[in-house]
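Notes follow the structure.
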Amino acid sequence: MIDKLQQCIEKKRVNNSHSREIIYKILCESTECLSVAEILDLAADEYPKKISLNTVYRHLRFLIECELIFMIQDDLKKAYYCLYRDEVDIFEICPKCNKVKKIEINICDAMKTSEFITLHKKCQKCK
Ligand SMILES: [Zn+2]
């Protein structure tokens, strides 16, 4: 996982950044899509210094440019970040609390040409 990040860093000729690595690692390990607030929370456990909001956005933009992660937005335009995987990603978004969750279901071939699919469905908590 970190290899892919390293390749992109070399290609783009940017400096290594420990905080960028942490953010990428957090997204690699998460099965759910994370908001910036959630990423910051998780990073606080792993990184001794406080990562500023600007830095997080900068790193996320970089990871998106590298096509390592992508962003989806809920109905309120709140952004969630997810790791890119080879298969089509399918998400459930709760219309009540807007929590985005990655799910695994079979999809028909017609849907496979999409980069990702979002379903609107109430989450466990809101049912
Ligand atoms: Zn909900």
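Just follow the structure's listing: the first ligand is 1, and inside any ligand the first atom is 1. Residue numbers run from 1 in the order of the sequence given. What you see is a predicted model; the values in this text were computed from it and never measured.
When each of Leu83, Ile26, Ile69 is checked for a side-chain contact (heavy atoms from CB on, under 4.5 Å) with Leu34, only Ile26 meets the rule.
Counting only protein N, O or S atoms, the number found under 2.8 Å from the Zn ion (ligand 1) is 4.
In this structure, Phe70 and Phe91 have perpendicular ring planes: the angle between them is above 60°, well past the 30° mark.
Residue pairs meeting the salt bridge (Lys or Arg N to Asp or Glu O under 4.0 Å) criterion with at least one member in residues 49-72, sequence neighbours excluded, are Lys12-Glu65.
Cys8-Cys66 SG separation is under 2.5 Å; the pair is scored as a disulfide.
Between Ile9 and Arg20 the shortest heavy-atom distance is CD1-NH1, 3.4 Å.
Between Glu92 and Lys99 there is no salt bridge, since no side-chain nitrogen of the basic residue lies less than 4.0 Å from a carboxylate oxygen of the acidic one.
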